[in-house]
Structure formats: structure tokens, C-alpha cells
Amino acid sequence: MPRGAVGGATAQLIAVLAGRGVTVSRYQIERWRAAGDLPRPVRHGLGRGRGARSEPPDEETVQRAIMLAGASRRGARRFGSHPIERLALGIPVGDDEARRAIDECLAEVGRLFGIDRGSGDQAWQERHDRIRKARAIAPVRWEDLLEAVEGGPTRAEPSATRIRSGFSGMVDLLAGDDDAVTDDVINWLAVGLRLPDKILDQIQDGVRAAELSGDASLIDSLKVMSLEHLRRVARQTGLEQWRRALQVYLRVNSAQVFVAVLGALDIAGTPVDLDGALRVDAHVVNQLRTHPVWDLANPHMVNLSSRRLPQSLTFGALGIIMAGQLELWENYFDRLVALTQPAPHA
């Protein structure tokens with residue numbers, strides 16, 4: 001929470017909004033900035049230790065603040081208030097605003113994990129201090145729910161040590177740290193795939209053997225996983241591709257929640273009657289499970305109320321773009337829609 005006197009940029013924005021009949025508090029503004037919903041003020045140094053001055057809020061910032069104020073309740077954000085969320089919903093967003101929102105979401109991840117602190121021992125220590133405070137929890141997958149309902153064998157979970165090691169490796173990779181190694185890649189991917197430690201050890205043995213034989217493909221992959229490289233790719237990607245990726249990522253993950261839960265109920269023998277509006281049963285779910293995107297989307301559960309939703313959507317969409325899987329995801333969503341259509345009456 002901000003304390004003390006209201007800063008120059010914040011005071012200017014509050015005054016401009018008040019002049020247009022919109023009342024907001026400095027706490028609301030700071031929350032919006034922290035969540036990435038509102039751009040931070042541009043500051044210019046005055047030189048020779050004389051401090052800095054903030055530019056007056058531009059019209060785009062004012063209009064976004066007005067929209068946020070209208071969609072908020074005591075400073076709480078609502079889904080659809082962020083430009084990334086509006087892009088994912090198919091709501092028009094200006095090109096400049098969209099570009100800034102994408103870059104700011106990636107920058108916010110850097111701030112969250114301390115990646116923006118640069119290199120060196122102190123920066124590394126700060127990142128890993130944050131990692132130690134994080135909970136070692138593997139992502140939950142909808143496939144786990146279905147397997148449990150079907151009475152299948154219990155899936156072996158990666159250990160807490162492996163999960164924390166994977167999280168640590170992910171942060172080092174994003175930071176572009178020289179200490180990041182191929183084990184970091186394996187550990188992080190393995191956490192998402194929920195592979196047991198025994199299988200991970202076998203994979204790592206194979207990777208080490210490949211490296212000893214001169215295969216440096218995984219080592220080269222470390223360079224393209226840094227946050228700096230991701231931001232370059234994000235800037236080079238066309239906005240139409242971004243819009244498609246954000247929309248299909250949100251649509252697939254939102255629809256898969258509905259389908260997986262109702263499908264699991266049908267498998268368990270307690271089907272839900274949708275009165276012919278949609279067909280969601282064991283047959284539909286089992287058809288979707290044969291598609292590769294089912295597993296790709298399984299670890300992702302979109303929380304529409306999360307203040308980190310814009311960052312989650314941005315990284316999910318960027319992953320689809322970088323993997324060249326945009327059409328694959330779009331085809332999967334079309335298949336999901338087609339399968340859930342009720343059969344025509346005879």
C-alpha cells in the first residue's frame with residue numbers, strides 16, 4: 001500500500017479524473033499499476049541529484065483509468081479490464097496499447113521473480129530467496145481427475161525437491177543465467193508433465209550421454225528461453241497472431257474445464273442433463289483425449305479472478321506462438337465445439 005504524500009504523477013491523474021467526474025483513490029491507482037492494468041508514469045531525471053519529474057498522464061492512460069474505475073469495486077479488478085484480457089475476449093484494442101500491454105506483462109514477470117535485478121551473485125541470491133519461499137506444488141491436470149474417476153493406478157508425483165529444483169531452473173533460464181544447465185530445462189518441463197523421479201533420472205542420463213557425444217542442442221535451447229529473448233520474439237510477432245493466440249488459449253482452457261468436469265461425472269455414472277443444449281459425455285471427452293492439445297492444455301487452469309491472469313494469458317499465448325502450434329490449437333477448439341454439438345433429431 002502506498003504511504004505518505006501522493007506522488008506527482010498520481011496526484012495529476014487523480015485531478016484529471018476528478019475534472020471528468022470520476023473519483024478514484026491513490027490506493028486504487030497503485031493497485032492497477034501493480035497488476036499491470038495501468039501503465040506506470042514516465043519519469044525523467046533532472047540531473048545532478050535534483051530528483052526526477054513525471055510526465056502528465058496521457059489521454060490513453062486517463063481513458064484506461066476511467067474504464068477501470070467503472071469496472072472496479074473498492075479497487076478490486078474485474079475480468080476484462082486489462083488490455084490482454086480484452087484481446088483474449090476478441091474486444092478491439094489499439095495497436096500501441098496492445099504492444100505496451102504485452103511488453104509490460106513480460107516485464108512484470110521479471111519483476112515478480114527478481115529477473116530484472118540483472119546478473120551477479122546478489123541478483124542470483126535474491127531470486128533464489130524468493131524461490132525458497134514458494135510452495136513446492138506441481139500443477140494439477142484435468143487428466144488426473146479423469147484417471148481417478150476411471151479407477152486407474154495412482155500417478156507417481158515428482159518429489160517436492162524435484163519441483164523446487166524445476167522452479168529454480170525455470171527462473172534461472174528466464175534470467176538468462178550462466179549457471180542455468182540442461183538439468184534445469186528437464187526439471188522444469190518434467191514438473192509440468194508430472195513425470196516421476198525414476199523416469200526423470202533416465203532422461204537426464206540420456207541427455208548427459210548426448211552432450212558427451214557432442215550434441216549441444218539442449219544447451220543451445222537455454223539461450224532461447226531467457227526473458228530477454230522472449231520479449232524480442234513478442235515484439236517481432238504480428239498483433240493479429242497475438243490476438244489469435246490469446247483468444248484460442250483462453251477459449252480452450254475455459255472450455256476444457258467445462259468438458260472435463262461434465263465428462264468425469266458421466267464416466268462416474270452421474271451424467272448432467274443439459275436439456276439438449278450441448279453434448280458433453282464420456283464419448284466426447286475420450287475423443288478429445290486423443291488430440292495432442294488435450295495434454296498441452298491440461299496443466300493450465302485459467303483463474304479469471306487472478307490479478308496475474310494477464311501474465312498467464314501472455315505466457316500461454318507466447319508458448320503457442322513460439323512452438324508454431326497456433327493452427328493446432330485452433331483446430332482443437334473447432335473439434336471441441338463440433339463434438340459438443342447435440343445430435344440432430346431424427
Side-chain angles (χ1 to χ4, degrees), residues 33 35-40 42 58 60-61 64 82-119 123 127 169-178 180 182 184-185 188-189 192 216-253 292-293 296-297 299-300 302 308-333:
R33 286 173 178 161
D37 296 336
L38 196 68
R40 297 181 184 277
V42 178
D58 58 21
E60 186 175 315
T61 298
R64 193 186 299 185
H82 193 281
I84 294 296
E85 295 164 357
R86 299 204 300 278
L87 285 169
L89 289 169
I91 300 172
V93 176
D95 289 358
D96 290 343
E97 183 181 11
R99 285 290 182 195
R100 280 195 297 271
I102 292 166
D103 196 63
E104 178 60 26
C105 279
L106 295 174
E108 179 63 21
V109 172
R111 289 191 289 268
L112 179 64
F113 294 116
I115 296 169
D116 60 340
R117 300 295 190 270
S119 58
R127 290 198 303 271
M170 181 272 291
V171 173
D172 282 342
L173 287 170
L174 288 174
D177 201 307
D178 291 338
T182 51
D184 291 328
V185 182
W188 178 242
L189 294 178
S217 56
L218 259 179
I219 294 176
D220 291 339
S221 72
L222 301 181
K223 301 174 184 177
V224 303
M225 296 179 73
S226 71
L227 186 60
E228 181 181 354
H229 178 75
L230 296 182
R231 293 180 76 176
R232 282 199 299 270
V233 172
R235 293 175 186 133
Q236 293 166 1
T237 300
L239 284 177
E240 180 57 30
Q241 198 170 10
W242 265 111
R243 291 185 178 98
R244 288 171 57 194
L246 285 164
Q247 288 176 27
V248 76
Y249 183 77
L250 177 62
R251 289 172 178 174
V252 165
N253 284 285
V293 173
L296 293 173
H300 307 291
V302 174
R308 299 295 178 193
L309 177 60
Q311 289 78 26
S312 298
L313 291 174
T314 301
F315 263 87
L318 185 57
I320 292 173
I321 291 168
M322 292 185 68
Q325 295 176 338
L326 183 52
E327 289 187 1
L328 181 70
W329 278 67
E330 290 175 333
N331 291 338
Y332 175 73
F333 182 70

Notebook entry, point to check: CD/Glu97 to CG/Leu87 distance, rounded to the nearest 0.5 angstrom?
Noted result: 8.0 Å
Checklist line | CG-OG1 distance between Asp58 and Thr61, expressed to the nearest 0.5 angstrom | finding: 3.5 Å
Checklist line | Separation of Met322 CE from Phe315 CZ (nearest 0.5 Å) | finding: 10.0 Å
Margin query: Here's a test for you: under side chain to side chain contact (heavy atoms under 4.5 Å, CB included), which of Leu309, Thr314, Leu89, Val93 qualifies with Ile84?
Written below: Thr314
Next item on the list: Go through the steps to decide whether Trp242 and Ile102 satisfy the test side chain to side chain contact (heavy atoms under 4.5 Å, CB included), and finish with yes or no.
Entry: CA-CA 9 Å; Trp242 265 111; Ile102 292 166; 3.6 Å; yes
Margin query: How close do Ala245 and Ile320 get, counting heavy atoms only, and between which atoms?
Written below: O-CD1, 4.3 Å
Notebook entry, point to check: In Å, rounded to the nearest 0.5 Å, how long is the span from CZ of Arg231 to CG of Leu318?
Noted result: 12.0 Å
Item checked: Enclosure of Glu228 CD (heavy-atom neighbours >12, cutoff 6.0 Å) -> no
Check: Do Tyr332 and Val248 have side chains that get closer than 4.5 Å, going by heavy atoms?
Finding: no
Item checked: Closest approach of Gln247 to Ala88 (non-hydrogen atoms, all atoms of both residues) -> CG-O, 3.3 Å
Note to self: Taking side-chain hydrogen bond (donor to acceptor under 3.5 Å, both in side chains) as the definition, give me every residue that meets it alongside Glu330, ordered by chain and number, with sequence neighbours left out.
What the structure shows: Arg244
Check: Out of curiosity, Arg243 CZ to Ile91 CD1, how far, rounded to the nearest 0.5 Å?
Finding: 12.5 Å
Next item on the list: Output all residues satisfying side-chain hydrogen bond (donor to acceptor under 3.5 Å, both in side chains) with Glu60, sequence neighbours left out; order by chain, then residue number.
Entry: Arg100
Notebook entry, point to check: What are the two closest non-hydrogen atoms of Cys105 and Gln311, and how far apart are they?
Noted result: O-CG, 3.6 Å
Checklist line | Smallest separation among heavy atoms of Arg99 and Thr237, with atom names | finding: NH2-O, 2.7 Å
Notebook entry, point to check: How many angstroms lie between CZ in Arg40 and CD in Glu104, if you round to the nearest 0.5 Å?
Noted result: 6.5 Å
